[in-house]
Every structure is written in structure tokens, then in C-alpha cells.
2 protein chains.
Amino acid sequence: MPPAVNLKSLAQALNLSIATVSRALQDSHEVSPQTKERVRALAAELNYQPNAYASSLRRNLSKTIGVVIPEVNNHFFSLAINGIEEVARQHDFHVIIYLTHDDYAREVAIAQYLTGGRIDGLLMSVASGSQDFAHLHKLQENKLPIVFFDRVCEEVSTAKVTTNDYESGFRATQHLLEAGCRHVAHLLVSGNLSIGRSRMQGYAAALQAHGLPYDEDLVLSGGNDQERNATLIKELLERRPEIDGIFASVEHLAIGSYHACQRLGRSIPEQVKIIGFSNLEIAALLNPALTTITQPAYDIGREAAVILLRAVTRKKSVLPAQSLMLESELFARASTAR
Amino acid sequence: MPPAVNLKSLAQALNLSIATVSRALQDSHEVSPQTKERVRALAAELNYQPNAYASSLRRNLSKTIGVVIPEVNNHFFSLAINGIEEVARQHDFHVIIYLTHDDYAREVAIAQYLTGGRIDGLLMSVASGSQDFAHLHKLQENKLPIVFFDRVCEEVSTAKVTTNDYESGFRATQHLLEAGCRHVAHLLVSGNLSIGRSRMQGYAAALQAHGLPYDEDLVLSGGNDQERNATLIKELLERRPEIDGIFASVEHLAIGSYHACQRLGRSIPEQVKIIGFSNLEIAALLNPALTTITQPAYDIGREAAVILLRAVTRKKSVLPAQSLMLESELFARASTAR
DNA sequence: CTGTTAGCGCATTCAC
DNA sequence: GTGAATGCGCTAACAG
């Protein structure tokens with residue numbers, strides 16, 4: 001679909017060489033102001049738009065970054081995208097999005113494809129099923145700069161941006177314990193995700209700090225099937241009626257807990273207190289039934305994009321393996337929704 | 001960031017010409033099976049990936065579609081993206097996303113940029129502030145196939161996929177009236193969006209059908225500022241205490257109504273009944289306070305993408321100006337969240 | 001300050 | 001069945 005207007009046609013119309021037109025449009029200092037003006041005028045009039053592919057091919061730079069995430073229908077990721085998009089726009093970069101649906105095979109296929117030089121850098125949150133990381137190492141061998149955010153891959157050495165997951169887990173659990181809970185269940189996110197492990201460790205540490213035993217039976221590992229999660233939560237609450245607190249690692253599980261308690265007639269927060277990772281809107285709706293830990297999703301996206309774009313514009317393909325951790329916020333009373 | 005492995009290097013290693021290698025990889029019938037096998041083997045071994053830009057430049061086809069939407073942090077759009085992405089993947093197409101943040105200037109800038117041949121087709125939901133559509137007409141002049149979805153632009157002649165907004169508005173209002181409401185307020189989405197107009201017309205028609213007057217003071221036009229919306233809703237409810245039903249045109253306004261009623265101590269659904277466009281998850285949380293009209297977001301994305309990709313693969317740049325309307329669903333009792 | 005030349009990686013036409 | 005040559009549109013090195 002190439003517009004008929006390109007450098008060649010402009011050059012012909014203006015009786016100039018293609019090179020001069022190209023330079024004029026790039027505001028090169030080695031072209032006379034008058035010529036620049038003539039070129040610009042005609043380009044604007046004819047609505048000239050450079051062919052991005054030709055330019056990318058030539059400069060070996062596409063001004064595009066890729067974002068690989070499990071889902072977009074998720075508050076955290078959609079907010080993160082907003083942050084990413086904001087930074088990208090400021091740098092005049094484009095954002096191309098790929099969804100893995102938490103499917104390892106898709107992630108591999110996408111990674112394989114990205115080898116093709118379509119993007120200059122990659123932001124990624126790994127799929128929960130991922131165990132083998134050869135596909136990610138291949139990307140690195142291809143000199144593609146990568147920044148992981150939220151669901152990081154610890155096995156790959158590069159920059160990472162996360163929430164303070166360990167501390168969040170600790171604080172969340174502590175919050176329940178200080179509110180008087182003695183039998184706190186933990187609903188874990190599926191797979192063996194880095195974030196799940198850290199939050200769980202925080203949970204265990206908080207229990208220990210309060211002299212309570214860690215009971216494996218109180219820890220439930222959820223999946224992507226919400227129906228099944230609901231059943232599992234219900235069964236857990238029935239099996240262990242002494243449960244008086246639930247710490248949910250992700251929003252879906254927090255909502256699932258809420259529904260399960262309602263169905264079982266457990267009053268919230270009197271009989272069971274729930275705390276979970278969630279966004280402010282949900283928090284406001286479930287207030288006071290749900291205490292919320294909110295991740296700075298927008299900022300995580302922003303920071304990750306900033307780090308990536310700094311590397312890309314400096315043509316650094318290998319990023320230092322440093323970890324940036326942003327603070328989450330705990331809202332016991334989510335009075336305002338944004 | 002081109003991988004060092006390209007057609008040239010493959011050709012050298014195999015003692016073949018670039019042309020033959022290219023043909024072999026495309027499974028051309030005019031190359032011997034043995035050669036094909038040799039080529040494929042080496043390509044796989046070296047992890048060859050064609051350079052997308054070179055290929056796009058040469059074939060004048062990028063295998064990429066653009067999606068321009070106001071926000072991604074929105075259930076409707078994120079679900080629609082899932083649908084789009086699904087179809088794109090089936091066709092081996094890529095999806096590049098642009099956000100307007102409902103800002104007309106951004107929409108124009110994006111449209112201008114898309115003229116550059118970066119994408120083969122465009123899916124679009126217009127920004128609410130858009131009044132002038134020259135930028136969209138320019139895209140059409142550039143032979144870029146466009147399919148509008150949800151927030152369509154009636155002034156541009158091309159394919160459109162929407163929900164049955166008029167009927168949805170009618171049914172929603174009727175639902176309230178049949179439940180006994182006599183003073184139904186309508187919370188309108190910002191700007192003069194096509195969807196807002198249609199829903200509003202349905203609202204007005206339902207009132208008329210029930211012999212009730214259309215009262216302009218009961219119609220509130222919201223914006224993107226949720227704080228301000230909350231204030232406006234509260235003021236409306238205070239000014240017109242007889243209001244016993246609210247029909248909200250978008251989810252944010254439905255939630256805002258819910259909060260406003262709570263703050264004013266109006267019991268829901270006893271004193272005030274609320275019905276609004278919303279997704280099932282929110283519906284389940286607010287059940288029975290909120291009756292929901294749910295748009296088939298995923299299907300709308302899917303259908304729009306199917307229509308667009310059909311045109312793209314057939315190299316039809318101009319789409320027939322036909323309108324596909326999908327049914328919304330009304331959930332008086334949203335018992336299950338997906 | 002401007003023009004000429006070369007080539008990014010690939011697909012394709014034309015020879016053989 | 002294979003190779004050589006051409007050009008997509010653009011940028012950059014080199015001349016003048």
C-alpha cells in the first residue's frame with residue numbers, strides 16, 4: 001500500500017536529488033534553508049509520509065518495541081501498557097503487543113518470531129507455564145535488549161522491574177495477623193512464577209515472625225480456570241472452617257474468595273478477612289470486604305520502558321542485570337477509586 | 001539488530017544462490033526436494049528468521065494490522081483486543097496497538113503516521129472528541145482498508161461492527177420501567193459518540209413507548225474525569241430526589257452511580273434501580289445492585305478483524321459500507337462471573 | 001550546499 | 001532446477 005508519493009517523486013517535482021530531499025526532511029544542517037522550505041512545503045502538501053520499512057531496513061532500527069504479556073484483559077497489564085505507551089510516545093517509538101495467554105508454546109513461537117529484527121527492544125512478563133528459557137536466551141544472543149517486568153525470568157541476566165513482592169506478601173499477612181486472624185490461608189498464583197514465590201515467602205515469614213506455624217494445607221495454588229479456582233476455594237473453606245483470614249496473590253483469587261465466602265455464608269470481614277492484590281476500582285467496590293494491595297502498574301510499565309529505551313537509543317544490547325523494585329500500596333480503606 | 005544469518009549467509013554455506021534459498025524457504029515448486037531439505041535443515045539449525053522489514057518492503061505487505069482505540073484499561077477494549085489478536089494469529093498477522101486516550105490531536109497524529117505504509121489494515125474505535133474526520137478520509141485515500149468497531153465514524157464509508165446500541169438502550173430502559181421505575185435518569189457517555197447517540201435514542205423511545213415524558217434534566221453527559229462524574233451524579237440525585245432508576249451508558253458511570261447512591265444513603269435496588277453497560281465480573285460483584293448490559297466485546301473484536309483480514313488478504317482496499325450489529329445481553333441476575 | 005553511488009535483505013523476472 | 005540481475009524506498013559515505 002505505498003502511497004505514490006515518495007522521495008523520488010518529490011525529488012522529481014522539485015528538480016532536486018533524492019538525497020537532498022531526504023536530508024531536507026531530516027532537517028540536516030547541510031542543506032540550505034530555502035531548499036528545506038521548498039521541500040517541506042511540497043511534502044506537506046502531498047502528504048508525504050516516509051516508508052517505515054525502507055527506513056528501518058536501511059538504518060537497522062525500527063523505532064518499535066515489543067511487549068509480550070500473558071493477557072491484556074487484566075488491570076495490571078493494561079495499566080502497565082499505558083505506562084509503556086506513554087514513554088514510547090515520548091521517544092517517538094511504536095509499541096507492538098503480543099499475548100501469550102500464559103501458553104508456553106505461544107511464548108516460544110513469539111520469541112522465535114521476534115528474532116527477525118522486527119523490534120529494537122523487548123518488554124516481557126513471562127508466561128506462567130514457562131520452565132525452559134532457551135527461547136529467551138536465543139533472543140539475547142540475537143542482541144535484542146530485554147527488560148522483564150512483574151513476572152520476571154530469574155534465569156536470564158538482564159534488567160528487571162518488579163513490585164516488592166516479598167515485602168508485599170509480608171505486609172499483607174501481617175495486616176491480617178494484626179487484625180486478629182490466626183488461621184490465614186494463602187491463595188497462590190498459578191505455576192511457579194517468580195512473583196508467586198516471593199509473595200509466598202513473605203507470607204511464610206510473617207507467620208513465623210508472629211510465632212505461627214506454616215501449614216501447607218492452608219496454601220492453595222490457583223490456575224487460570226476461574227471456575228475451578230472457585231471450587232477449590234470453597235472446598236478449602238469447608239475443609240478448614242477455622243480459616244479466619246485469606247491472603248490472595250492475585251485479583252481473580254481475591255474476588256473468588258469473596259464469592260466463596262458469600263456462598264458459604266461466611267461474613268466478611270467479621271468471620272473471614274480478605275486481603276489481596278487488586279486494583280483500586282475493585283477495592284472500592286468491595287470495600288470494606290477486601291483490603292487491597294495495589295501494585296504501581298503504570299509506574300512499572302513506565303520504568304521498564306524507560307530502562308529499555310535508554311538502552312535502545314544508546315544501542316546497548318546487553319543490559320546490566322539490575323533489579324528495580326517499586327513499592328506496592330496497602331489500602332485498608334479504599335475510600336477512593338480512580 | 002539483524003541476526004548475522006540471512007539469505008546470503010545461508011546461500012554461501014550451501015553453495016547455492018540467494019534466489020534458490022529464498023525459493024526453497026517459500027516451498028516453491030520449482031526447486032528440487034533435496035535442495036529444499038538441505039536449505040531447511042540449515043535454516044532451522046542456524047535459527048534463520050527472515051527480516052520482516054526487507055520482506056515487507058519488497059512485497060509491499062507487512063502482515064500487520066493496526067488497532068487504534070481510546071484506552072486499553074477498559075474491559076470492552078481489552079476483550080476486543082483478545083478477539084482481534086486471536087484472528088490475527090490465525091492469519092499469521094501481527095497487531096500493533098495505538099492509544100488515543102480520547103484525545104483528538106493524538107488520533108490525528110496516529111492517523112498521519114499510519115499513512116506511512118506500516119500496516120496493511122486498520123481497526124478503529126474513534127476518540128470521543130473527534131469532530132473532523134479529514135484524517136480518516138486521508139487514510140482511505142491512501143488505500144488503507146479500515147473497519148470501525150464500537151465507536152464508529154458514520155461519516156466515513158467503510159465496514160463497521162457494533163453492538164445493537166439502540167435496542168440495548170431501549171431494553172435497558174424498558175427493564176427499569178417494567179420494574180416500576182417512573183423517573184429514569186440517563187447517564188450518557190462523553191462527547192457525541194455514535195454509541196452514545198444510539199443508546200440515548202433507545203432510552204427516549206422506551207420512555208415514549210411507556211407514555212412517559214422525556215425530561216432533558218434527567219440526562220447527564222459524563223466525561224473522562226471520574227471525580228467530576230461522581231460529583232455530577234450526586235448533584236443530579238440530590239436535585240431530583242424522585243429519581244428511581246438510572247440507566248448508565250458506560251461502566252464507569254454505572255459504578256459512579258452505585259457509589260453516589262451509597263453515599264447518599266439511597267438503597268439499591270429498593271429506592272433506586274441501576275442498569276448499565278458493564279462486564280460480567282463487575283456485574284457479579286455488584287449483584288443484585290446492578291443489572292447489566294454486556295456487549296459481546298470479544299466477538300466484536302473477532303468479527304471486525306475477520307472482515308478486515310478478508311479484505312487485506314484479497315487486497316481490497318475499499319470495504320463495502322456495511323454495518324454488522326451484534327446482540328448485547330441483559331443480565332438481571334448476574335450469577336456467574338467469567 | 002548538492003549530487004552520485006552503493007547497499008540494507010529480500011522476492012522476482014529473466015536467462016540458462 | 002538454478003543463478004544473475006533488478007529494485008522496493010530509503011540513508012549514508014564520498015565527491016565535488
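Not measured: the values here are computed from a predicted model. Naming: A, B, ... by sequence-line order, numbering from 1 per chain.
With sequence neighbours excluded, the residues satisfying salt bridge (charged side-chain N to carboxylate O under 4.0 Å, His left out) with Glu154(A) are Arg197(A). For Asp27(B), the salt bridge (charged side-chain N to carboxylate O under 4.0 Å, His left out) partners two or more places apart in sequence, or in a different chain, are Lys36(B), Arg40(B). Listed by chain and residue number, Val161(B), Glu303(B), Ile307(B), Leu326(B) satisfy the side-chain contact (heavy atoms from CB on, under 4.5 Å) test with Leu324(B) (two or more places apart in sequence, or in another chain). Legend: residues meeting ring-ring contact (aromatic ring centres under 6.0 Å, His included) with Phe93(B), ordered by chain and number and at least two apart, are absent. When the side-chain contact (heavy atoms from CB on, under 4.5 Å) test is applied to Val87(A), the partners found at least two apart in sequence or on another chain are His91(A), Arg302(A), Ala305(A), Val306(A), Leu309(A). By the side-chain hydrogen bond (donor to acceptor under 3.5 Å, both in side chains) test, Asn74(B) pairs with no residue at all, sequence neighbours left out. Under the side-chain contact (heavy atoms from CB on, under 4.5 Å) criterion, Ile96(B) pairs with His94(A), Ile96(A), Thr64(B), Tyr98(B), Arg118(B), Ile119(B), sequence neighbours left out. Take Arg23(B) and apply the salt bridge (charged side-chain N to carboxylate O under 4.0 Å, His left out) test, not counting sequence neighbours, and it matches no residue.
Listed by first then second residue, pairs satisfying ring pair (Phe, Tyr, Trp, His ring centres under 6.0 Å) with a partner in residues 31-56 of chain A read Tyr53(A)-Tyr53(B), not counting sequence neighbours.
Across its full length, the helix from dC1(C)-dG16(D) to dC16(C)-dG1(D) shows an angle of 40° between the axes of its 5 terminal pairs at either end, rounded to 10 degrees.
As a whole-Å value, the separation of Arg58(B) CZ from dC10(D) P is 16 Å. If you measure from atom CZ of Arg59(A) to atom C1' of dG9(D), you get 13 Å, rounded to the nearest angstrom. Going from atom CG of Asn51(A) over to atom P of dG9(C) covers 17 Å, rounded to whole Å. Rounded to a whole Å, the CD atom of Gln49(B) is 15 Å from the P atom of dG9(C). Separating the CG atom of Leu7(A) from the C1' atom of dT2(C) is a distance of 15 Å, rounded to the nearest angstrom. Taking atom CG on Asn60(A) and atom P on dC10(D), their separation rounds to 18 Å, with Å as the unit. Leu57(A) places its CG atom 9 Å from the P atom of dC10(C), with the value rounded to the nearest Å.
At a non-hydrogen distance threshold of 4.0 Å, Glu30(A), Val31(A), Ser32(A), Thr35(A) from residues 24-35 of chain A come into contact with DNA chain C. Of the residues in residues 8-23 of chain B, those lying under 4.0 Å from DNA chain D by heavy-atom distance are Asn15(B), Leu16(B), Ser17(B), Ala19(B), Thr20(B), Arg23(B).
Residues Lys315(A) and Asp120(A) are not paired through a salt bridge, judged by the lack of any N-O separation under 4.0 Å between the basic side chain and the carboxylate.
The phosphate of dC10(D) (OP1 or OP2) has no side-chain N or O of Ser56(A) nearer than 4.0 angstrom. Look at Tyr48(A) and you won't find any side-chain N or O under 4.0 angstrom from OP1 or OP2 of dG9(D). Residue Tyr53(B) places no side-chain N or O under 4.0 Å from the OP1 or OP2 atom of dA11(C).
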Yes or no on side chain to side chain contact (heavy atoms under 4.5 Å, CB included) for Leu139(B) and Leu114(B), after CA distance, side-chain angles and deciding distance?
CA-CA 8 Å; Leu139(B) 287 175; Leu114(B) 292 181; 4.1 Å; yes

